[in-house]
**Q** 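First the structure, then my questions, so here it is.
Below, each value reflects all heavy atoms present in this structure, side chains not excepted, and no hydrogens, waters or symmetry copies. Predicted model, so just to flag it, every value in this text is computed and none were measured.
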Amino acid sequence: MSNTAMANTAQALMDSMTPKFAVSYLRVSTRGQAERGGGHDEGFSIPAQREANKKKALSMGAMVGKEFVDRGASAKSADRPQLQAMLEYVKENADRVDYVIVHKIDRLARNRDDDSDIMRVLRECGVQLVSASESIDDTPAGMLLHGIMSSIAEFYSQNLATEVKKGMGEKIKGGGTVGRAPIGYQNVRLVDDKGREERTVITDPERAPLITLAFEEYATGNWTVADLADHLAACGLNTRSTPKISSQPVTLKTLHKVLVNPYYKGVVKYKGVEYPGSHEALVDTETWDKVQAILASRINGTRNLKHPHFLKGSIFCAYCGERMMVSNEKKKDGTIYPYFVCSGRHSKRRKDCTTKAVLIDVVEKEIEKIYEAYQLPPEVRILLESCIQEIISTERAKYDAELDGLKGEKAKLENKRKKLLEAHYCDAIPLDLLKSEQQKIAKELSSIEHEIKMHDTTFEQITENLKRALDIVENCGEAYKNASDTIKKLMNQAIFEKFYISNDADMEFKVDAEFRPPFDQILEPVKDDIIRINRLAQDCSSKLSYYIGIAKDHIQEIFGCGLYTINNSTNMSTYSNGSNFFSHNSSSKVLLVEARRVELLSESLSTKLSTSVVYLLRSRSRLPANRLPAAVSLIKPESRQGTRKTSSPQK
């Protein structure tokens with residue numbers, strides 16, 4: 001035998017005696033499986049998989065030289081840290097690794113696309129995949145079995161997800177809680193007398209009182225979220241610990257999530273739908289509504305940090321347009337005088353600004369005068385509402401006629417679609433032409449149905465928003481003066497876009513007001529009449545009746561209603577707040593109840609109202625602006641053109 005042959009024989013013998021190198025991959029789907037019992041914080045599944053993989057390696061004459069474990073990672077995605085690390089290791093050691101061993105194919109992937117990608121990498125590296133529980137290999141039969149098992153794993157995963165979602169939906173509809181309960185509650189397992197286990201939620205005796213305190217304190221309007229979070233942390237409100245994260249004092253972010261979570265008022269939210277929960281509520285609906293109203297009032301770019309004030313965010317410098325900020329000046333005797341100063345001049349961004357600081361008390365009194373001057377007298381309110389309602393009725397009659405035309409057009413299109421189908425059945429038109437015509441008809445029908453739906457809802461929205469707007473400004477002077485700071489902030493944001501402060505050497509101090517829609521179209525055209533009537537009413541002038549008559553003529557002329565007779569004996573209770581239909585969670589209800597001390601009737605609206613007072617006064621009407629009179633388009637926010645300033649009334 002030649003030396004070469006002997007060397008080859010010796011090498012073959014050595015290779016047969018050297019064990020193959022195997023990589024073991026282990027996985028469990030949830031952290032609970034990886035942390036439940038078993039010692040060493042590995043649970044039961046991972047040690048069982050490890051032992052099975054080692055036995056499989058020994059049966060093939062291989063040795064497990066490297067192990068990768070994904071603890072709590074779903075196989076629906078290949079984006080698992082240890083799986084990716086294993087693939088990188090195989091690529092880097094392709095000349096060394098012979099096998100990748102898994103307990104089952106579903107431990108590697110539950111997605112056929114991911115399975116194909118993983119197998120491509122292993123084949124390129126010359127590595128064989130081995131299952132400890134299934135007979136797969138590189139033979140045609142083994143590859144067929146591999147494909148079948150991969151498909152079964154994907155089906156199992158998708159079917160399980162569907163069943164879990166179905167079960168979650170049914171549990172939530174019954175008032176149950178899925179997942180981990182929020183802070184203030186505890187997840188518990190109860191066993192009834194028949195041995196059946198029930199997973200439910202109870203209040204946390206340590207944290208629940210502090211959560212209730214959080215809502216009650218924030219509802220006063222005297223706290224910022226950051227300050228309240230610090231206060232609650234000092235009171236001992238901490239988050240619940242997890243196996244990976246220890247308990248921490250509550251933060252601003254955590255508290256904000258608490259304040260906006262409807263779970264605390266006894267509601268479970270799932271896929272955007274709210275269901276009555278079976279758990280105990282920690283806050284009543286009234287307090288919840290107040291908290292949401294205060295949160296909504298502070299979204300307007302206002303930061304209540306060092307010097308909180310209800311006018312911050314609403315007043316601006318008339319010279320440069322910058323916001324006015326609060327500045328406290330301390331005198332030598334220790335007395336502190338709070339001022340509003342131009343932030344542009346204060347920060348030297350606007351070096352040309354000449355607006356001087358003005359005492360906050362002076363600004364507050366001037367804004368109270370604006371409210372007194374623009375509040376609607378009862379006679380004017382009745383006339384305005386009657387005129388605008390008459391316009392709405394006229395426009396609705398026109399649109400009802402158009403609605404009949406739309407319904408007729410819809411019937412024609414449906415009949416045309418039916419005839420096309422009959423012609424196709426008779427082989428009169430080919431399939432491609434049928435599809436093309438059906439697509440055109442479907443597009444036209446969709447557009448018509450949308451227009452019909454808008455005709456049904458637009459005018460109801462206009463009527464409701466009109467009543468809301470008039471309710472807020474009727475007797476708003478006295479309401480604003482006696483309201484809390486929170487309600488004053490809401491009223492300012494609802495009625496006025498901005499207040500402009502003028503106070504320099506060339507111009508005496510004054511406050512100009514810019515109305516927000518729809519008040520710019522309700523009050524702006526008749527503001528002079530309203531100011532005159534309110535001034536004469538305060539002076540008890542004998543000319544009051546005369547100027548009320550002039551105001552009526554002016555309103556009729558502006559809104560184009562024609563002659564309209566107001567009965568002096570009209571019962572004003574028919575125009576009270578009780579006739580308005582506000583949703584139970586509306587900020588406008590909070591505003592009117594708190595400011596005017598009148599309880600409103602709660603009624604469901606066809607369209608859910610926003611919690612922001614600003615948006616409550618705006619309609620989502622799609623009616624073309626050029627087809628609406630000014631009074632009707634007052635509800636359409638896009639109809640507002642440019643900016644409008646209204647000077648403060650001069651008495």
**Q** Would you sort out whether Asp289 and Thr285 count as a side chain to side chain contact (heavy atoms under 4.5 Å, CB included), showing the intermediate values?
**A** CA-CA 6 Å; Asp289 290 341; Thr285 303; 3.8 Å; yes
**Q** So Leu26 and Ser24, do their side chains get closer than 4.5 Å, heavy atoms only?
**A**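 A side-chain contact exists here, since the closest heavy-atom pair is under 4.5 Å.
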**Q** Quick check against the 3.5 Å criterion: does Thr239 have a side-chain atom that pairs as donor or acceptor with the backbone of Gln248?
**A**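 Yes, because the side chain of Thr239 sits within donor-acceptor range (under 3.5 Å) of the backbone of Gln248.
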**Q** Take Ile118 and Leu83, measure what side chain to side chain contact (heavy atoms under 4.5 Å, CB included) needs, and give me the verdict at the end.
**A** CA-CA 10 Å; Ile118 294 170; Leu83 174 63; 3.9 Å; yes
**Q** Which heavy atom of Lys488 sits nearest to which heavy atom of Tyr480, and what is that distance?
**A**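 Looking at all heavy atoms of both residues, the shortest contact is CE-O, 2.9 Å.
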**Q** Taking side chain to side chain contact (heavy atoms under 4.5 Å, CB included) as the definition, give me every residue that meets it alongside Ser278, ordered by chain and number, with sequence neighbours left out.
**A**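 Ser278 satisfies side chain to side chain contact (heavy atoms under 4.5 Å, CB included) with no residue once adjacent residues are dropped.
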**Q** Are the side chains of Met325 and Phe340 in touch, meaning some heavy atoms are under 4.5 Å apart?
**A**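 Of all side-chain heavy-atom pairs linking Phe340 with Met325, none is under 4.5 Å.
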**Q** Can you give me the closest heavy-atom contact between Asn53 and Ile101, atom names plus distance?
**A**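 Nearest pair, atom of Asn53 first, then Ile101: ND2-O, 3.4 Å.
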**Q** Hey, does Val326 have a side-chain heavy atom less than 4.5 Å from the side chain of Tyr339?
**A**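 Not touching, per the 4.5 Å side-chain cut-off.
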**Q** For the residue pair Pro517 and Glu497, what are the closest heavy atoms and their distance?
**A**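 Distance-wise, the nearest heavy atoms are CD-OE1, 4.2 Å.
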**Q** Is the shortest side-chain N to carboxylate O distance from Glu372 to Lys481 below 4.0 Å?
**A**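 Salt bridge present between Glu372 and Lys481.
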**Q** Let me see the working for Tyr371 and Asn492 under side-chain hydrogen bond (donor to acceptor under 3.5 Å, both in side chains), right down to the final yes or no.
**A** CA-CA 10 Å; Tyr371 273 92; Asn492 290 334; 2.7 Å; yes
**Q** Begin with the C-alpha distance, continue with both residues' side-chain angles, and end with the deciding distance and a verdict on side chain to side chain contact (heavy atoms under 4.5 Å, CB included) for Leu190 and Thr200.
**A** CA-CA 7 Å; Leu190 304 178; Thr200 186; 3.7 Å; yes
**Q** Just by modelled atom types, is the Ser247 backbone N or O under 3.5 Å from a matching donor or acceptor in the Arg240 side chain?
**A**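 Looks like no, no N/O pair under 3.5 Å.
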**Q** Tell me, with the steps shown, if His309 and Glu364 meet side-chain hydrogen bond (donor to acceptor under 3.5 Å, both in side chains).
**A** CA-CA 11 Å; His309 193 275; Glu364 290 178 352; 2.6 Å; yes
**Q** Calculate, to the nearest 0.5 Å, the distance between atoms CD1 and CG belonging to Ile294 and Asp485 respectively.
**A**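 Answer for the CD1-CG pair, Ile294 versus Asp485, is 11.0 Å.
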**Q** Would you be so kind as to tabulate the donor-acceptor pairs closer than 3.5 Å made by side chains of residues 255-264, with sequence neighbours excluded?
**A**
{"residue": "Asn261", "atom": "OD1", "partner": "Tyr263", "partner atom": "N", "Å": "3.0"}
{"residue": "Tyr263", "atom": "OH", "partner": "Thr177", "partner atom": "OG1", "Å": "2.6"}
{"residue": "Tyr264", "atom": "OH", "partner": "Ile183", "partner atom": "O", "Å": "2.6"}

**Q** Apply side-chain hydrogen bond (donor to acceptor under 3.5 Å, both in side chains) to residues Glu216 and Thr212 and explain how you reach the verdict.
**A** CA-CA 6 Å; Glu216 292 175 349; Thr212 303; 6.0 Å; no
**Q** Looking at Val341, is its backbone amide N or carbonyl O close enough to the side chain of Ser327 to form a donor-acceptor pair, meaning the two atoms are under 3.5 Å apart?
**A**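 Side chain of Ser327 to backbone of Val341, a donor-acceptor pair under 3.5 Å: no, none is there.
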**Q** Should Ile202 and Tyr185 count as side-chain neighbours, where that means a heavy-atom distance under 4.5 Å?
**A**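 Not in contact.
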**Q** Under 4.0 Å between a Lys/Arg side-chain N and an Asp/Glu carboxylate O for Glu385 and Lys467?
**A**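 Salt bridge: no.
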**Q** Could you go through Asn482 and Glu478, starting from their C-alpha distance and side-chain angles, then the distance that decides it, and tell me whether this counts as side-chain hydrogen bond (donor to acceptor under 3.5 Å, both in side chains)?
**A** CA-CA 6 Å; Asn482 297 325; Glu478 191 67 26; 3.1 Å; yes
**Q** Working to the nearest 0.5 Å, report the span between OG of Ser484 and NZ of Lys290.
**A**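 Taking OG in Ser484 and NZ in Lys290, the distance rounds to 8.5 Å.
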**Q** Compare all side-chain heavy atoms of Thr287 with those of Tyr218 and state whether any distance is below 4.5 angstrom.
**A**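 No, their side chains stay 4.5 Å or more apart.
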**Q** Atom NE2 of residue position His346 - does it have more than 12 heavy atoms of other residues, nucleotides or ligands inside 6.0 Å?
**A**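 Open: at most 12 neighbouring heavy atoms sit under 6.0 Å from NE2 of His346.
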**Q** Does Gln375 reach the main-chain N or O of Gly477 with its side chain, forming a donor-acceptor pair under 3.5 Å?
**A**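 It does hold such a pair.
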**Q** Taking the side chain as everything from C-beta on, heavy atoms only, tell me whether Val363 gets closer than 4.5 Å to Leu359.
**A**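 Side-chain contact under 4.5 Å: no.
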**Q** List the residues meeting ring pair (Phe, Tyr, Trp, His ring centres under 6.0 Å) with Phe316, not counting sequence neighbours, and say none if there are none.
**A**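 Result, ring pair (Phe, Tyr, Trp, His ring centres under 6.0 Å) vs Phe316: none returned.
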**Q** Looking at Ala181, is its backbone amide N or carbonyl O close enough to the side chain of Asn187 to form a donor-acceptor pair, meaning the two atoms are under 3.5 Å apart?
**A**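 Confirmed, Asn187 side chain pairs with Ala181 backbone.
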**Q** How long is the straight-line distance from CD of Gln186 back to OG1 of Thr203, given to the nearest 0.5 Å?
**A**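 So the OG1 of Thr203 and the CD of Gln186 are separated by 8.0 Å.
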**Q** Where do Gly184 and Leu282 come nearest, in terms of heavy atoms and distance?
**A**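 Taking every non-hydrogen atom into account, O-CD1, 4.1 Å.
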**Q** Hey, is the main chain of Gln493 close enough, under 3.5 Å, to the side chain of Arg516 for a donor-acceptor pair?
**A**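 Looks like yes, one N/O pair under 3.5 Å.
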**Q** Can Tyr25 and Arg80 be counted as having a side-chain donor-acceptor contact under 3.5 angstrom?
**A**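 Short answer, yes.
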**Q** Calculate, to the nearest 0.5 Å, the distance between atoms CZ and CD1 belonging to Phe515 and Ile495 respectively.
**A**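 The distance works out to 8.0 Å.
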**Q** Taking the six-membered ring for Trp, is the centroid-to-centroid distance between Phe519 and Tyr374 below 6.0 Å?
**A**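 No, ring centres 6.0 Å or more apart.
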**Q** Which heavy-atom pair separates Lys489 from Phe310 by the least distance, and what is that distance?
**A**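 For Lys489 versus Phe310, the nearest heavy atoms are CG-O, 3.6 Å.
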**Q** Between Glu514 and Lys498, is there a side-chain N and carboxylate O pair less than 4.0 Å apart?
**A**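 Salt bridge between Glu514 and Lys498, a charged N being under 4.0 Å from a carboxylate O: no.
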**Q** What distance separates Ser133 OG from Lys104 NZ, expressed to the nearest 0.5 Å?
**A**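 So the gap between those two atoms works out to 5.5 Å.
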**Q** Quick check for you: to the nearest 0.5 Å, what is the distance between Glu206 atom CD and Leu237 atom CG?
**A**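 Separation between the atoms: 8.5 Å.
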**Q** Check the pair Thr224 / Leu252 against side chain to side chain contact (heavy atoms under 4.5 Å, CB included), numbers first and verdict last.
**A** CA-CA 10 Å; Thr224 63; Leu252 182 152; over 6 Å; no
**Q** Is any side-chain heavy atom of Ile105 closer than 4.5 Å to a side-chain heavy atom of Glu134?
**A**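 A side-chain contact under 4.5 Å exists here.
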**Q** Taking side chain as C-beta onward, heavy atoms only, is Val268 less than 4.5 Å from His279?
**A**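 SC-SC contact between Val268 and His279 confirmed.
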**Q** I need the minimum non-hydrogen distance between Gln82 and Val69, along with the two atoms involved.
**A**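 Answer, listing the atom of Gln82 first, then Val69: CG-O, 2.8 Å.
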